[in-house]
Amino acid sequence: MDNFIWHNPRCSKSRQTLQLIEAAGVPVQVIAYLDQPPHPAELAAACAGLGCAPQDIVRHKEALFGELGLSLDDKRSAEQWCELLSAHPKLIERPIVRIKGRYALGRPPEAVQSLL
């Protein structure tokens, strides 16, 4: 399926984003990305679609960020960031949505309206 949401049901923004998509009647595959982490290539594609670098979708305030010794000025390559995010999906900002080949980050949830 072309349409998906990387979803965390425990996250209110993710739940609100999914509600907006469902209310619009757009079918999406709900991917519990914490259980099914995206591959580095999928993360690279999402970042390209969002027009951002992988480090721009990192949850910097997540405790794991500090536990892994990461910093805001980390000099990893984009490929290394994608590998890190795939290995530690808890660090991925959520929710990321793809509809008809276009991407949006549901922060705020209304940011996905342009895809609907």
Side-chain angles (χ1 to χ4, degrees):
M1 173 178 279
D2 185 47
N3 301 339
F4 67 77
I5 178 173
W6 288 340
H7 180 60
N8 179 348
R10 296 183 62 198
C11 171
S12 64
K13 299 295 184 204
S14 195
R15 289 191 310 268
Q16 291 168 6
T17 300
L18 182 56
Q19 276 184 324
L20 283 172
I21 295 167
E22 289 173 338
V26 176
V28 292
Q29 178 183 6
V30 178
I31 301 171
Y33 72 95
L34 294 175
D35 299 326
Q36 298 174 296
H39 294 279
E42 293 172 307
L43 287 158
C47 289
L50 291 167
C52 70
Q55 56 269 43
D56 295 334
I57 61 166
V58 174
R59 295 176 55 81
H60 300 109
K61 294 180 182 176
E62 183 66 47
L64 181 59
F65 183 81
E67 291 168 14
L68 292 173
L70 301 172
S71 68
L72 294 174
D73 60 348
D74 197 297
K75 302 298 183 207
R76 294 171 200 268
S77 69
E79 182 178 297
Q80 289 170 321
W81 274 110
C82 288
E83 289 171 6
L84 180 80
L85 291 171
S86 181
H88 302 282
K90 193 173 187 180
L91 291 174
I92 301 171
E93 190 60 85
R94 58 187 180 256
I96 293 176
V97 176
R98 183 179 76 188
I99 296 177
K100 297 179 187 168
R102 298 182 319 154
Y103 288 84
L105 177 62
R107 288 199 168 269
E110 295 77 22
V112 302
Q113 293 287 9
S114 64
L115 304 182
L116 307 175

Per-pair distances, 0.1 Å, donor-acceptor, side chain in residues 77-86, under 3.5 Å, sequence neighbours excluded:
{"unit_1": "Ser77", "atom_1": "OG", "unit_2": "Gln80", "atom_2": "N", "d": "3.1"}
{"unit_1": "Ser77", "atom_1": "OG", "unit_2": "Gln80", "atom_2": "OE1", "d": "3.4"}
{"unit_1": "Gln80", "atom_1": "OE1", "unit_2": "Ser77", "atom_2": "N", "d": "2.7"}
{"unit_1": "Ser86", "atom_1": "OG", "unit_2": "Pro38", "atom_2": "O", "d": "2.7"}

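- Heavy-atom minimum distance, Arg94 versus Tyr33: CD-OH, 3.0 Å.
- In this structure, the side chain of Asn3 engages the main chain of Lys100 through a donor-acceptor pair within 3.5 Å.
- To the nearest 0.5 Å, atoms CD (Glu67) and NZ (Lys90) are separated by 7.5 Å.
- Atom-to-atom distance recorded for Glu62:CD and Leu70:CG is 11.5 Å, nearest 0.5 angstrom.
- One N or O on the side chain of Arg15 and one on the backbone of Pro9 form a donor-acceptor pair closer than 3.5 Å.
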* Determine, step by step, whether Asp74 and Gln55 satisfy the side chain to side chain contact (heavy atoms under 4.5 Å, CB included) criterion, reporting the C-alpha distance in whole Å, the side-chain angles of both residues, the deciding distance to 0.1 Å, and the verdict. => CA-CA 9 Å; Asp74 197 297; Gln55 56 269 43; over 6 Å; no
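- You'll find the side chain of Glu93 reaches within 4.5 Å of the side chain of Leu105, heavy atoms only.
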* Worked verdict on Trp6 versus Glu42 for side chain to side chain contact (heavy atoms under 4.5 Å, CB included) -> CA-CA 11 Å; Trp6 288 340; Glu42 293 172 307; 4.2 Å; yes
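- With hydrogens and angles disregarded, a donor-acceptor distance shorter than 3.5 Å links the side chain of Arg102 to the backbone of Ser114.
- The CG atom of Leu64 sits 6.0 Å away from the NE2 atom of His88 when rounded to the nearest 0.5 Å.
- Applying the ring-ring contact (aromatic ring centres under 6.0 Å, His included) test to residues at least two apart or on different chains, the pairs with a partner in residues 42-62 are His60-Phe65.
- Between Arg98 and Asp2, at least one side-chain N (NZ, or NE/NH1/NH2) sits under 4.0 Å from a carboxylate O, which counts as a salt bridge.
- Without hydrogens or angle criteria, Gln113 side chain to Glu110 main chain gives no donor-acceptor distance under 3.5 Å.
- Scanning all heavy atoms of the two residues, the minimum distance from Ile96 to Ala46 falls at CG2-CB, 4.4 Å.
- Within the 4.5 Å cutoff, side-chain heavy atoms of Leu43 are placed close to those of Ile57.
- Pairing each heavy atom of Ser14 with each of Ile5, the nearest pair is O-CD1, 4.1 Å.
- The minimum heavy-atom distance between Ala104 and Leu115, with the atom names listed, is CB-CD1, 3.5 Å.
- The structure places SG of Cys11 at 6.5 Å from CZ of Arg59, a figure rounded to the nearest 0.5 Å.
- Taken to the nearest 0.5 Å, the OG1 atom of Thr17 stands 8.0 Å off from the CZ atom of Arg107.
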